[in-house]
Amino acid sequence: MAIIEEEEEESLLDHLPKTYTKGGLKTMPFIIVNETLEKVASYGLQPNMVIYLMKVYNLEIVTATSLLSLWSALSHGLALLGAFVSDSFLGRFTVVAIGSISSLFGMTILWLTTMVPQLRPSRCDHFEINECDRPTPAQLLVLLFSFGTIALGAGFVRPCSIAFGADQLDNKENPNNKRIMESYFNWYYATIGMSTIVATTLIVYIQDAFGWRIGFGIPAILMFFSVSAFLLGSSMYIKVGAIESLFTGFFQVLVAAVRKRNIDLPVNRANYYHQSPESESQALTSSFRCLNKACMIEDPERDINPDGFASNPWRLCSVEQVVSLKSLLRVVPMWSSNIMVQLSLNQFSFATLQTKTMDRHIFSDFEIPAGSFSVFMVITLVMWIAFYDRVLMPIKARYTGQPGGLSPVFHMGIGLVLSAAAMVLSAITEGIRRGIAIDQKDPQDSPNINMSAMWFVPQYVLLGLADAFNAIGLVEFLYSELPKSMSSFVVAIFTLGMSVAGFFGSVLVNVVDSVTSYGGGVSWLSSNINNGHLDYYYWLLAFLNVVNFLYFVLIICRYNRHEKEVKEKQCEYSTQRA
């Protein structure tokens, strides 16, 4: 098999034009090394960060968790900014370079907080955090600045790196172009999966075994090699310049629709709407009807140039632009159902503190680091995708004659159910753990609770399956619903959901803490988790997941009605054109 695969790769390479001096497979090591090391470095900082903030910066668990949620939200939210700047102004190479350097700068500052005593509060040996010195505004500013620059780097690198790599290989003249691109995407995502596993195991273990200086220093060094590798290949890259962004087109539609808000829509729609000469004719639906005015022709001589394009794109847009914006708005409800799943996935900070109080030994002389348990979620995700793609889909195709797997909507529904089940299991497990800790009268910092941390593995498995079903279903749904011109926008939309989940998670923990501690009571989210009630918090998340599933069912009913309307409009439009 290895010989056959090598022959196939050589065959693919033989079809690459010999005249190419830039791009091609020779650039892949630089790009993939850049993305891989960036993932290992940034993901390796996250699992144990809640412990660092509580032990070194003396922050309460609510403050630390809220800060990490906002950090996650900012990292994912800035991906939209990175995509916009890349497409509209600087191009992908410059944006990836800026992002990589920004991440290196932020990780270096974070590393310095472990070595320079003036950058952090004085050491505290008290059991209760509220008896320790709080960080000064200057110390918090340095910490937040490091988080911000790392987030900016992640937001610039991640949405552009994969597309920049595709620029190096995409050659329409090559008969094997599709196969090469598929191979590239497979290897790209495989390296991301491996990077995540290395980050949540090896890097976390180093932090536990050798301390924060070495544990944070290694990610900074890896990021230095990431930047060096990417810049080293600069002379070999194909550097595609900036083009007009979809964001600009969306703003043009909104501005044009507002300008024509007092004009009545024409009765004969087909003859009065502007069709771009570069795109196929499309029909407009009655949904978001006010936007139809953006492509309505008022004066053909004034509005249309001789080449068929609009003379002022901020006053007259094409039907394609309006359809694209409508498509985006139409998928927002289905997209929003994913936020609750992402929120459930982001509870690793609490889980790290829980497993830290438990027996994590798998051998007599080795124990799993508390921050590494999320690796079970990643492994489940990877294994299920491989099993589904290589086993279940071929079986379904053999017996049904249909090449596809489960429908995207069905995929998403299963993911929502599994997310709710994972939170129920988390609540039950935490209730048992807390009961044992109280019976043993064991302080939080002593990991001697007579309960194995492996009891947490099933909930991580459920979360991995929930992520696999929901994420894959949502991405497939977005690809099927959005126009082909918006295919590159799908990742940005999905990433935005992760950002919203981070912000919502930060708000949620603060609200729960304020409400449950009102009147001087002990908060559910107490820094001493044995005194708090994390199990109640997980029950709340389970309830929100159930409500989210009911919301999802309502969306499906509305979506089916809209699909029927779209088909009717297409038939009506075809008749008018004829």
Side-chain angles (χ1 to χ4, degrees), residues 73 76-77 79-80 83 246-247 249-251 253-254 257 282-292 294 321-346 406-420 423 466-505 507-508 541-570:
H76 293 112
L80 289 176
L246 279 171
F247 289 102
F250 293 155
F251 288 130
V253 171
L254 295 174
Q282 300 183 53
L284 291 170
T285 63
S286 59
S287 61
F288 305 104
R289 196 164 175 265
C290 59
L291 297 177
N292 292 354
Q321 287 177 287
V322 175
V323 169
S324 295
L325 180 56
K326 283 188 174 186
S327 299
L328 178 62
L329 295 175
R330 191 172 64 249
V331 301
V332 166
M334 194 74 79
W335 162 84
S336 64
S337 68
N338 174 64
I339 294 174
M340 198 62 227
V341 178
Q342 296 300 326
L343 178 61
S344 300
L345 295 171
N346 286 342
L406 302 174
S407 70
V409 173
F410 191 68
H411 253 129
M412 294 174 65
I414 294 177
L416 298 181
V417 172
L418 290 173
S419 177
M423 291 299 99
D467 191 20
F469 274 102
N470 191 259
I472 293 174
L474 178 60
V475 170
E476 289 180 353
F477 174 79
L478 294 175
Y479 270 113
S480 64
E481 290 297 311
L482 297 177
K484 291 183 179 179
S485 59
M486 296 181 65
S487 58
S488 60
F489 203 65
V490 169
V491 176
I493 298 173
F494 181 78
T495 304
L496 180 61
M498 301 171 73
S499 176
V500 174
F503 281 113
F504 181 62
V507 172
L508 182 63
L541 291 179
F543 171 74
L544 294 176
N545 272 277
V546 171
V547 173
N548 185 56
F549 178 75
L550 297 177
Y551 166 68
F552 175 76
V553 173
L554 293 176
I555 294 172
I556 294 175
C557 296
R558 181 180 177 277
Y559 168 75
N560 290 334
R561 289 197 300 269
H562 177 78
E563 283 293 291
K564 182 179 179 181
E565 178 196 353
V566 170
K567 291 180 181 179
E568 292 175 352
K569 294 297 180 183
Q570 290 287 359

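The analysis underlying the following values was restricted to heavy atoms, covering all of them including side chains, and did not include hydrogens, waters or symmetry mates. Keep in mind that what you see is a predicted model, and the values were worked out from it rather than measured.
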Do the non-hydrogen side-chain atoms of [X] and [Y] ever get within less than 4.5 Å of each other?
{"X": "N548", "Y": "I339", "result": "no"}
{"X": "T495", "Y": "L80", "result": "no"}
{"X": "H76", "Y": "F494", "result": "no"}
{"X": "Q321", "Y": "F250", "result": "no"}
{"X": "I493", "Y": "L474", "result": "no"}
{"X": "F469", "Y": "V417", "result": "no"}
{"X": "L544", "Y": "M340", "result": "yes"}

(message) What verdict does the side chain to side chain contact (heavy atoms under 4.5 Å, CB included) test give for M334 and V409, after you've listed the backbone C-alpha separation in whole Å, the side-chain angles of each residue and the deciding distance to 0.1 Å?
(response) CA-CA 9 Å; M334 194 74 79; V409 173; 4.3 Å; yes
[X] side, atom [atom1]; [Y] side, atom [atom2] - distance, nearest 0.5 Å:
{"X": "F477", "Y": "N338", "atom1": "CZ", "atom2": "CG", "value": "12.0 Å"}
{"X": "L325", "Y": "R330", "atom1": "CG", "atom2": "CZ", "value": "11.0 Å"}
{"X": "I555", "Y": "M412", "atom1": "CD1", "atom2": "CE", "value": "7.5 Å"}
{"X": "L541", "Y": "L508", "atom1": "CG", "atom2": "CG", "value": "6.0 Å"}

(request) Please assess S344 against N545 for the test side chain to side chain donor-acceptor pair (under 3.5 Å), listing each intermediate value before the final yes or no. (result) CA-CA 9 Å; S344 300; N545 272 277; 3.1 Å; yes
(request) Give a yes or no on this: more than 12 heavy atoms of other residues, nucleotides or ligands lie within 6.0 Å of atom OH of Y551. (result) yes
